[in-house]
Amino acid sequence: MATDSPTAVSTDFHVFDTTLRDGAQREGISFSVADKLATARLLDEIGVGYIEGGWPGALPKDTEFFARARSELKLRHAVLVAFGATRKAGVRVEDDPQVRALLDAETPVVCLVAKSDVRHVREALRTTLEENLAMVADTVAHLVSHGRRVFLDCEHFFDGYAADPDYGVAVLRAAFGAGAEVGVLCDTNGGMLPMGVARVVADVRSRVEGRLGIHCQDDTGCAVANSLAAVEAGVTHVQGTANGYGERAGNADTFALVANLVTKMGLPVVPPECLAELQRVSHAIAELANIAPDDHQPFVGASAFAHKAGLHASAIKVSPELYNHLDPAVVGNDMRILVTEMAGRASVELKGRELGVDLEGHADAVGRVVDQVKVLEAEGWSFEAADASFELLLRSQLPGAPAPLFELESYRTTVEHWANGVVMSEATVKVHVDGERIISTGEGNGPVNALDNALRQALVSRYPRLADVSLADYKVRILGWKGGTSATTRVLVDTTDGVGEWTTVGVHDNIVEASWHALVDALTYAVRHR
Ligand SMILES: CC(=O)SCCNC(=O)CCNC(=O)[C@H](O)C(C)(C)COP(=O)(O)OP(=O)(O)OC[C@H]1O[C@@H](n2cnc3c(N)ncnc32)[C@H](O)[C@@H]1OP(=O)(O)O
Ligand SMILES: CC(=O)C(=O)O
């Protein structure tokens with residue numbers, strides 16, 4: 001069970017994560033209870049102050065989550081929060097089963113959602129403005145009298161404030177008057193921009209005593225910016241979700257919020273040692289949500305500190321700070337240099353350093369590699385994701401580069417479709433190793449698999465390391481049709497030796513030949529560099 005005494009550094013500031021409630025409202029996410037428990041543990045590792053676990057009483061899974069959390073969830077930093085609505089209109093708070101379920105969740109904190117826009121009160125709740133205020137006050141007071149700390153999410157606060165600012169203020173006063181600790185201003189429809197958010201927050205602060213919070217949906221792509229503008233204007237409670245998951249376009253991304261608050265605004269909202277966990281936790285939660293991580297996500301994406309332009313690399317060679325807004329290690333990420341057609345000599349030198357290849361005194365080789373990469377990329381090759389092929393290319397230009405593993409005489413591969421529906425492939429390779437002619441055949445479920453088996457069998461007695469190597473993944477991309485079935489094909493092969501993985505690339509008009517190039521690089525890399 002969560003403790004009520006978070007160890008987060010700043011007790012004056014709340015980072016409140018709602019991945020398990022609003023994040024779960026994203027199309028395509030369906031957390032199991034086990035997923036929710038695992039996600040809560042991960043969020044705790046980044047040191048957020050509060051974790052909203054779901055809506056007990058509304059979703060059976062969430063009711064079970066809170067029941068299991070009592071014995072299974074040991075949080076070091078965060079306080080667990082149950083979410084729910086104020087009592088229904090015309091119903092005594094003691095008689096409202098949803099409010100009862102909130103108490104039964106036994107969390108130290110409850111976050112209530114309430115209407116704060118007159119249109120919503122009249123048209124969605126179909127009740128009076130007075131009754132809505134009573135619903136807020138009664139529910140807060142009831143929960144407080146049962147020992148709960150209460151935060152109030154004021155739904156549609158900004159839209160409501162534009163229509164009738166006094167009513168938004170009245171809702172906040174009703175909540176604070178009944179004992180609520182935080183009044184959260186919600187941009188529920190996500191239509192705000194930072195300037196408007198800052199104006200409203202400043203205005204509300206001048207009219208209401210009490211801690212204010214912010215909850216921003218991302219419909220204008222400004223959820224993080226809006227939240228930071230609200231902080232600048234004085235809120236001290238910020239809500240977000242892991243990777244920005246949430247209803248429609250999502251919410252403010254907790255990872256960007258935390259990183260910005262700590263590193264840009266100087267607010268120690270999480271313990272210092274937690275910041276370096278952001279990237280790992282972001283990816284782990286993406287796995288649990290079954291959503292591919294966004295490589296381009298600020299701070300934590302795999303490409304967030306990846307540099308492709310040659311001019312960037314030339315400055316980074318002097319000092320990484322010249323083209324990085326932050327040391328990536330601060331948030332657990334890494335800088336990467338991409339060598340592509342946009343590379344220059346500095347890109348190759350930095351990539352060499354990253355790969356552990358000493359290029360000191362080899363300016364000519366570096367220049368040749370830059371030229372070759374540009375020519376090859378124009379033909380459809382791409383080394384961005386194929387570090388192993390790039391390393392082989394780089395080393396091939398250095399003095400004393402080893403000879404190829406073998407000389408190819410020929411290869412052949414066939415596909416057989418039998419009447420019983422079985423499809424099998426067979427391959428024969430003829431190669432020369434140290435003057436010896438080797439002929440080998442292999443079978444497989446496809447021509448590339450058969451070729452791989454035949455080639456490894458031909459080479460394994462000379463290169464025993466290949467016994468431990470196998471294909472892990474195979475990706476094909478067709479690069480522009482030339483009419484009919486003719487096209488350039490790019491193949492990426494991931495290979496593993498059970499310890500690590502490396503990626504190689506091949507390009508040709510013929511898919512088997514493209515695969516052959518990638519396979520040969522994969523095996524050469526295994527023998528020479530693993
Ligand atoms: C902005 C947000 O994202 S808030 C979070 C929203 N999350 C969810 O909706 C996910 C979980 N929701 C659910 O499981 C269901 O919608 C439930 C259980 C909450 C409600 O389901 P139902 O009881 O079938 O009601 P239904 O969805 O048709 O209507 C909601 C009722 O709550 C009332 N209501 C809506 N907001 C509030 C509120 N803030 N306070 C009190 N009552 C409210 C509505 O007036 C309506 O009342 P009615 O039954 O008297 O017409
Ligand atoms: C509470 C909430 O999720 C919203 O207003 O968007």
Side-chain angles (χ1 to χ4, degrees), residues 16-27 29-31 50 52-65 81-93 95-102 110-129 131-140 142-143 150-161 168 171 174-175 180 182-192 197 213-220 222-223 226-227 230 237-241 244-252 254:
F16 179 108
D17 185 276
T18 173
T19 306
L20 297 176
R21 197 276 299 169
D22 207 330
Q25 290 173 223
R26 171 177 161 134
E27 183 174 10
I29 288 187
S30 176
F31 288 124
Y50 297 87
E52 190 168 66
W55 190 339
L59 289 90
K61 240 181 343 191
D62 288 3
T63 308
E64 186 188 337
F65 165 78
V81 181
F83 174 90
T86 53
R87 72 161 170 82
K88 284 222 169 160
V91 173
R92 276 171 19 105
V93 69
D95 300 334
D96 190 315
Q98 297 279 345
V99 176
R100 180 72 246 162
L102 286 171
V110 171
C111 188
L112 287 174
V113 61
K115 302 288 185 194
S116 59
D117 175 348
V118 290
R119 239 185 86 194
H120 274 268
V121 176
R122 293 189 179 118
E123 295 176 30
L125 277 188
R126 294 178 306 284
T127 190
T128 63
L129 300 183
E131 171 63 354
N132 182 53
L133 294 178
M135 288 156 66
V136 169
D138 290 355
T139 318
V140 173
H142 181 71
L143 293 170
V150 180
F151 303 165
L152 190 84
D153 279 352
C154 300
E155 245 196 293
H156 299 102
F157 188 87
F158 292 90
D159 301 335
Y161 208 74
V171 170
V182 187
V184 185
L185 315 185
C186 298
D187 182 20
T188 306
N189 290 358
M192 294 298 290
V197 169
I214 186 79
H215 172 113
C216 291
Q217 299 294 140
D218 201 27
D219 300 68
T220 55
C222 290
N226 286 346
S227 305
H237 165 119
V238 177
Q239 298 196 356
T241 59
Y245 300 150
E247 190 90 35
R248 305 186 306 282
N251 286 54
T254 295

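First listed ligand is number 1; within each ligand, the first listed atom is number 1.
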_Using side-chain contact (heavy atoms from CB on, under 4.5 Å), reason through Thr188 and Asp159 one step at a time and then give a plain yes or no._
CA-CA 9 Å; Thr188 306; Asp159 301 335; 5.9 Å; no
*Verdict with reasoning, Arg26 to Thr241, per side-chain contact (heavy atoms from CB on, under 4.5 Å)*: CA-CA 11 Å; Arg26 171 177 161 134; Thr241 59; over 6 Å; no
*From CA spacing to verdict: side-chain contact (heavy atoms from CB on, under 4.5 Å), Val197, Leu185*: CA-CA 9 Å; Val197 169; Leu185 315 185; over 6 Å; no
*Hey, mind stepping through Arg21 and Val81 against side-chain contact (heavy atoms from CB on, under 4.5 Å) and telling me if it holds?*
CA-CA 10 Å; Arg21 197 276 299 169; Val81 181; over 6 Å; no
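Remark: Phe83 CZ to Leu112 CG distance equals 8.5 Å, nearest 0.5 Å. Taking OG1 of Thr86 as the start and NE2 of His142 as the end, the distance is 13.0 Å to the nearest 0.5 Å. Between the CE atom in Met135 and the CG atom in Leu125 there is a gap of 5.0 Å [rounded to 0.5 Å]. To the nearest 0.5 Å, the span separating CZ on Phe31 from CG on Asp62 amounts to 11.0 Å. For the atom pair NE2 (His215) and SG (Cys111), the distance works out to 9.0 Å, reported to the nearest 0.5 Å. In this structure, the separation between SG on Cys186 and CD on Gln217 is 8.5 Å, given to the nearest 0.5 Å.
Per-residue contacts place Ala58 under 4.0 angstrom from the following atoms of ligand 1 (heavy atoms of the residue considered): 14 (O), 18 (C). Shown in contact with Phe83 at under 4.0 Å from a heavy atom are these atoms of ligand 1, numbered in order with element: 4 (S), 5 (C). Residue Ala85 has at least one heavy-atom neighbour below 4.0 Å for each of these atoms of ligand 1: 38 (C), 40 (N). In the vicinity of Leu59, heavy-atom distances shorter than 4.0 Å reach the ligand 1 atoms 11 (C). Numbered from 1 in the order shown, with element, the atoms of ligand 1 that lie under 4.0 Å from a heavy atom of Glu155 read 1 (C).
For atom 20 (C) of ligand 1, the nearest protein heavy atom is 4.0 Å or more away. Atom 16 (O) of ligand 1 lies below 4.0 Å from none of the non-hydrogen atoms of the protein. Distance remark: protein heavy atom present below 4.0 angstrom from atom 34 (N) of ligand 1. The protein reaches atom 42 (N) of ligand 1 closely, with a heavy atom under 4.0 angstrom from it. Distance screen at 4.0 Å: atom 24 (O) of ligand 1 has no protein heavy-atom neighbour inside the cut-off. Contact annotation for atom 30 (C) of ligand 1: protein absent (non-hydrogen atoms, distance under 4.0 Å).
Considering only non-hydrogen protein atoms, atom 2 (C) of ligand 1 sits nearest to Arg21 NH1, 3.9 Å. What sits closest to atom 8 (C) of ligand 1 on the protein, heavy atoms only, is Trp55 CZ3, 3.7 Å. Thr86 OG1, 2.8 Å is the protein heavy atom nearest to atom 40 (N) of ligand 1.
Taking the six-membered ring where tryptophan is involved, the planes of Phe16 and Phe151 are tilted, since the angle between them lies from 30° to 60°.
Remark: among candidates Lys88, Gln25, Arg87, the nearest residue to atom 47 (O) of ligand 1 is Lys88, based on non-hydrogen atoms. Among Leu125, Val136, Asp153, the residue whose heavy atom lies nearest to atom 44 (C) of ligand 1 is Leu125.
Residues that satisfy the salt bridge (Lys or Arg N to Asp or Glu O under 4.0 Å) test with Arg100, not counting sequence neighbours, are Asp104. With sequence neighbours left out, the salt bridge (Lys or Arg N to Asp or Glu O under 4.0 Å) criterion links Asp138 to Arg87. The salt bridge (Lys or Arg N to Asp or Glu O under 4.0 Å) search around Asp22 returns none, not counting sequence neighbours.
At a threshold of 4.5 Å between non-hydrogen side-chain atoms, the residues Leu129 and Arg122 count as touching.
Proximity of Ala124 to ligand 1, defined as any heavy-atom pair under 4.0 Å, is confined to the backbone N, CA, C and O atoms. Heavy atoms of Glu247 found under 4.0 angstrom from ligand 1: none, in either backbone or side chain.
Backbone and side-chain nitrogen or oxygen atoms of Arg126 are examined, and one is located within less than 3.5 angstrom of a nitrogen or oxygen of ligand 1. An N or O contact shorter than 3.5 Å links Val113 to ligand 1 by distance.
Tested against His156 for a side chain to side chain donor-acceptor pair (under 3.5 Å), the candidates Asn189, Asp187, Asp117 yield a single pass: Asn189.
Enumerated by chain and number, the residues approaching ligand 2 to less than 4.0 Å through a heavy atom are Arg21, Asp22, Asp153, Glu155, Cys186, Thr188, His215, Gln217.
For Lys115, the heavy-atom gap to ligand 1 drops under 4.0 angstrom.
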